[in-house]
2 protein chains.
Amino acid sequence: MSAKNLSFRDLQCLVAICDSGSISKAADACAISQPSLSERLKRIESQLGVELFERNKRSLLPSSTGEALAAKARELLVGVGAIDEVVAAAHKPLSGTLRVGVISTLGPYLMPYILPQLRKQYPELELIIHEDLTDALITELTGGSLDIVIAAAPLEVPGVREIGLFHEPFFLAVSKLHKFAGPHSTAAADLDGKDMVLLEDGHCLSDQALDICPAKRRTNKNRLHSMSLETLRHMVAAGAGYTLLPSLSVGNKPSLSKLISYKKLDGKRQYGRQIVLAHRSSFARKTDVHLFSQLIRDCLPDSVETILTSTRH
Amino acid sequence: MSAKNLSFRDLQCLVAICDSGSISKAADACAISQPSLSERLKRIESQLGVELFERNKRSLLPSSTGEALAAKARELLVGVGAIDEVVAAAHKPLSGTLRVGVISTLGPYLMPYILPQLRKQYPELELIIHEDLTDALITELTGGSLDIVIAAAPLEVPGVREIGLFHEPFFLAVSKLHKFAGPHSTAAADLDGKDMVLLEDGHCLSDQALDICPAKRRTNKNRLHSMSLETLRHMVAAGAGYTLLPSLSVGNKPSLSKLISYKKLDGKRQYGRQIVLAHRSSFARKTDVHLFSQLIRDCLPDSVETILTSTRH
DNA sequence: GTTTTCTATAGGATATCCCTATATGTTATA
DNA sequence: TATAACATATAGGGATATCCTATAGAAAAC
């Protein structure tokens with residue numbers, strides 16, 4: 001029979017017997033009764049088919065096999081300690097690895113607010129950040145290669161829970177030479193969509209921008225499309241048109257501020273997007289999820305409005 | 001609760017589940033039924049207090065803790081293989097370590113005959129050879145720091161079994177200038193003990209030599225004593241007297257053969273000593289003991305008479 | 001809609017674990 | 001030599017673990 005049927009306790013007992021040279025003392029050390037240990041040793045020996053100790057009437061003498069086995073056992077028990085460490089780490093908040101996906105129109109602007117505090121407060125957390133489009137992120141989330149996704153609501157994916165983080169207003173970004181750049185206010189209804197530059201398909205931001213001027217939804221063919229928000233910003237600065245930019249991306253971009261004017265859209269509605277944190281409903285680390293959510297809210301600038309406890313799905 | 005209560009089987013199952021991503025398939029791989037594995041996993045998780053897998057209705061997804069734990073488990077299972085190797089080695093004849101004690105008047109002359117064959121036939125045997133006086137060897141044998149002792153009979157120690165190996169004749173070693181060196185035969189009765197040189201106290205050879213001339217047993221004070229057989233031989237060569245040397249030590253010593261004459265003692269008795277192999281009666285490796293005994297007998301030169309199966313005690 | 005596939009649960013037989021009490025043999029001490 | 005002290009082994013019994021078959025329930029495949 002193989003050693004596969006041994007338990008760590010067996011090894012522990014074996015080492016204890018070897019160390020103390022006595023079943024009684026080892027039984028004390030292992031916190032079981034002497035008869036129990038005596039029988040356990042007998043069982044181990046019969047399982048392995050090897051005599052581990054010579055019974056010389058009163059004294060126990062480890063055989064050469066017993067000695068060799070105890071040495072291996074000592075090594076293995078160190079490894080068991082490592083398992084305990086893994087388990088212990090699992091009980092510590094925000095430790096180990098957390099794989100987070102963020103949409104690319106948010107990640108580069110959000111993360112700088114979060115990371116310093118995260119590293120300071122939870123140095124044992126290894127954060128893996130992945131930027132992609134919403135759909136890809138959701139696929140990875142449900143597939144298990146991401147633990148958390150930060151994206152714009154609504155996602156409404158079965159088996160995925162969303163926790164509201166904050167509302168990020170949109171700003172109209174327009175070249176200072178454009179007619180919208182003037183001191184007079186601009187309403188959503190004024191956006192005719194003709195001069196509007198957008199991100200390429202797949203970015204939720206484009207859909208959201210088009211939602212704001214719904215009448216023009218189907219006239220957005222042949223428009224200019226950009227791959228990144230920064231390219232978009234440069235296109236606006238170059239006079240290619242106007243666009244809607246999320247608040248966090250407007251933050252501190254002094255380099256282009258002479259060329260671009262940012263203004264809020266007029267109207268009763270607060271134009272913008274709702275950012276949520278999503279995770280599999282079955283994801284075990286609820287505490288980590290909530291600690292992470294709260295840390296994000298705490299680190300945000302005043303330009304966005306944090307959402308306290310809202311949870312969907 | 002700690003990982004100490006896990007068994008290797010638990011780890012094996014954990015790894016199997018992680019590898020296959022399915023309880024059913026892992027159950028097949030582990031050769032148990034699916035419900036058994038399902039419950040085992042549940043038990044492990046509750047023991048560790050950690051969710052190792054996310055149960056997403058139909059699919060199993062290892063949590064980050066589960067993944068980390070499986071990685072550790074894989075390492076540990078390699079170590080378990082090492083235990084199996086130790087056990088397997090214990091089943092192989094004459095492998096592992098064998099600690100052999102030999103009396104110093106025999107070891108240097110016997111071992112050269114044995115070691116080549118031993119190394120050839122059992123290359124996996126690590127032989128530890130220890131030379132000392134009989135009493136010290138017996139103490140180490142019963143104390144457990146030696147497995148086997150080769151010495152002159154009788155030992156008759158409780159709990160120690162003796163196996164006859166061979167009879168080693170004594171030769172009278174005498175300077176060619178001495179009166180005994182002549183062509184006429186010398187009888188035991190002729191040994192007056194006055195010119196006899198012996199090893200220091202503790203060597204059984206001295207007692208045996210004195211036994212041969214019993215009348216002189218108590219007149220051996222003030223005699224010359226030597227610490228090693230080779231010193232003894234040189235003393236004889238230098239004309240300090242005569243002595244009795246065991247056959248194996250006479251073997252091939254051409255350097256002194258011009259100065260020393262070796263001759264058998266006359267008489268009906270075969271003067272000499274009985275060499276036995278001794279081990280604790282409780283010593284588990286009976287097979288090894290007999291293989292070792294037989295190998296010694298097989299390697300001996302014709303100058304000694306091997307004993308086939310004699311066993312004492 | 002039915003079948004297949006996968007996990008979880010229920011019930012039950014057997015084995016394991018660990019206890020107390022006790023037997024047996026050894027060593028130390030009077 | 002008797003007695004006490006100590007160590008291991010055995011017996012008996014209760015709690016628990018292990019593993020099975022049968023079956024339920026839910027999702028996926030056809």
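Bear in mind that the values here come from a model prediction, so they are computed numbers and not experimental data. Labels below follow one simple rule: chain letters A, B, ... track the order of the sequence lines, proteins then strands, and each chain is numbered from 1. No hydrogens, no waters, no symmetry mates; every other heavy atom, side chains included, goes into these values.
- What separates CD1 of Ile17(A) from C1' of dA9(D) is a distance of 13 Å, to the nearest Å.
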For residues 124-132 of chain A, tabulate all N or O donor-acceptor pairs below 3.5 Å that involve a side-chain atom, not counting sequence neighbours.
unit_1	atom_1	unit_2	atom_2	d
Glu124(A)	OE1	Lys92(A)	NZ	2.8
Glu124(A)	OE2	Lys92(A)	NZ	3.2
Glu126(A)	OE1	Thr97(A)	OG1	3.1
His130(A)	NE2	Glu140(A)	OE2	2.8

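- With hydrogens and angles disregarded, no donor-acceptor distance shorter than 3.5 Å links the side chain of Gln34(A) to the backbone of Ala27(A).
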How far apart are the C-alpha atoms of Val86(A) and Thr65(B), what are their side-chain angles, what is the distance that settles it, and do they pass the side chain to side chain contact (heavy atoms under 4.5 Å, CB included) test?
-> CA-CA 7 Å; Val86(A) 169; Thr65(B) 309; 4.1 Å; yes
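- As a whole-Å value, the separation of Ile23(A) CD1 from dG25(C) P is 17 Å.
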Pairs: protein N or O with nucleotides 18-20 of chain C N or O, under 3.5 Å:
unit_1	atom_1	unit_2	atom_2	d
dC18(C)	OP2	Arg40(A)	NH2	2.4
dC19(C)	OP2	Ser33(A)	N	2.6
dC19(C)	OP2	Ser33(A)	OG	2.8
dC19(C)	OP2	Ser36(A)	OG	3.0

Evaluation steps, side chain to side chain contact (heavy atoms under 4.5 Å, CB included), between Asp147(B) and His279(B) | CA-CA 6 Å; Asp147(B) 298 318; His279(B) 64 85; over 6 Å; no
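- Atom CG in Leu6(B) sits about 17 Å away from atom C1' in dT16(C), given to the nearest Å.
- Closest to the Lys25(A) side chain, of the nucleotides dT8(D), dC6(C), dA7(D), is dA7(D).
- In this model, the phosphate group of dT7(C) is not approached by any side-chain N or O of Lys42(B) to a distance below 4.0 Å at OP1 or OP2.
- Between the CZ atom of Arg43(A) and the P atom of dA9(D) there is a distance of 15 Å, given to the nearest Å.
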Start with the C-alpha distance between Ser293(B) and Arg297(B), add both sets of side-chain angles, then the distance that settles side chain to side chain contact (heavy atoms under 4.5 Å, CB included), and finish with yes or no.
-> CA-CA 6 Å; Ser293(B) 305; Arg297(B) 292 192 195 100; 4.0 Å; yes
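- Rounded to an integer number of Å, the gap from Phe53(B) CZ to dC6(C) C1' is 15 Å.
- Atoms CD (Glu54(B)) and P (dA8(C)) sit 13 Å apart, rounded to a whole Å.
- Where Ser7(B) and Ser22(A) meet DNA chain D, the nucleotide closest to each residue was compared, and Ser22(A) sits on the side nearer the 5' end.
- Under the rule for a ring pair (Phe, Tyr, Trp, His ring centres under 6.0 Å), Phe292(B) has no partner lying at least two apart in sequence or in another chain.
- Residue Ser38(B) places none of its side-chain N or O atoms closer than 4.0 Å to OP1 or OP2 of dT9(C).
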After noting the C-alpha distance and the side-chain angles of Leu98(A) and Arg285(A), does the key distance pass the side chain to side chain contact (heavy atoms under 4.5 Å, CB included) rule?
-> CA-CA 10 Å; Leu98(A) 196 66; Arg285(A) 298 157 70 180; 4.0 Å; yes
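- Atom CG in Asp28(A) sits about 11 Å away from atom P in dT8(D), given to the nearest Å.
- Distance CG (Leu61(A)) to P (dA7(D)): 17 Å, rounded to an integer number of Å.
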